[in-house]
Amino acid sequence: MTLYGLYERLIRRHLNGLGLNSRLVGHSGTPIHVYDSGGGPTACPYVVIHGIGSSASAYSPLLKRLLPHTARLIAPDLPGHGFSPLPDPLPDPDELYGQLERTLERVYEGSAGGIGTSL
């Protein structure tokens with residue numbers, strides 16, 4: 001295990017302790033890892049998407065601050081990032097978008113605010 005892998009696992013343990021569940025969401029294709037807070041107060045739900053070369057764990061300070069103020073908090077790891085396995089063969093950008101879209105549809109139905117960086 002690399003030092004970065006250990007760091008990711010420690011952050012996941014911390015986020016789990018705050019109430020963010022960690023799971024792989026399967027669909028046709030490679031599963032995607034998702035942090036999901038479940039339900040909460042009646043405030044707006046949020047989806048937080050990281051940039052290329054990062055992971056959902058990088059948002060841990062933001063997730064911690066948002067958690068008490070959201071109805072639901074969802075933070076997926078894009079394919080090949082964080083705890084999401086790298087698809088084989090590598091899909092094109094449209095398929096990557098489709099995988100993310102299908103994952104979010106399986107996790108949450110409805111509208112949500114979005115926070116993201118990079119692409």
- Residue pairs passing the salt bridge (Lys or Arg N to Asp or Glu O under 4.0 Å) test with at least one member in residues 14-24, sequence neighbours excluded, are R23-D36
Looking at [X] and [Y], what are the two nearest heavy atoms and their distance?
X	Y	answer
A56	Y35	CB-CD1, 3.7 Å
T70	L73	OG1-CB, 3.9 Å
P45	S111	CG-O, 3.4 Å

- Item | Donor-acceptor contact present, side-chain S54 to main-chain H50, <3.5 Å | no
- Query: Under 4.5 Å between side-chain heavy atoms, hopping through other hydrophobics if needed: is there a path connecting Y7 to L63?
  - Reply: yes
Just how far is it from atom [atom1] of [X] to atom [atom2] of [Y], taken to the nearest 0.5 Å?
X	Y	atom1	atom2	value
S37	L18	OG	CG	11.0 Å
L20	S60	CG	OG	10.0 Å
H69	L66	NE2	CG	7.5 Å
E101	L96	CD	CG	12.5 Å
L15	N21	CG	CG	11.0 Å

- Message: Other members of the hydrophobic cluster containing L78, with the 4.5 Å side-chain heavy-atom rule, please.
- Response: V25, I32, V34, V47, I49, I74, L100, L104, V107, Y108
Under 3.5 Å, which donor-acceptor pairs link side chains of residues 79-87 to any protein atom two or more places apart or in another chain?
unit_1, atom_1, unit_2, atom_2, d
H81, ND1, P79, O, 3.0
H81, NE2, G53, N, 3.2
S84, OG, H33, N, 2.7
S84, OG, D77, O, 2.7

- Carboxylate-amine/guanidinium proximity below 4.0 Å for E8 and R13: no
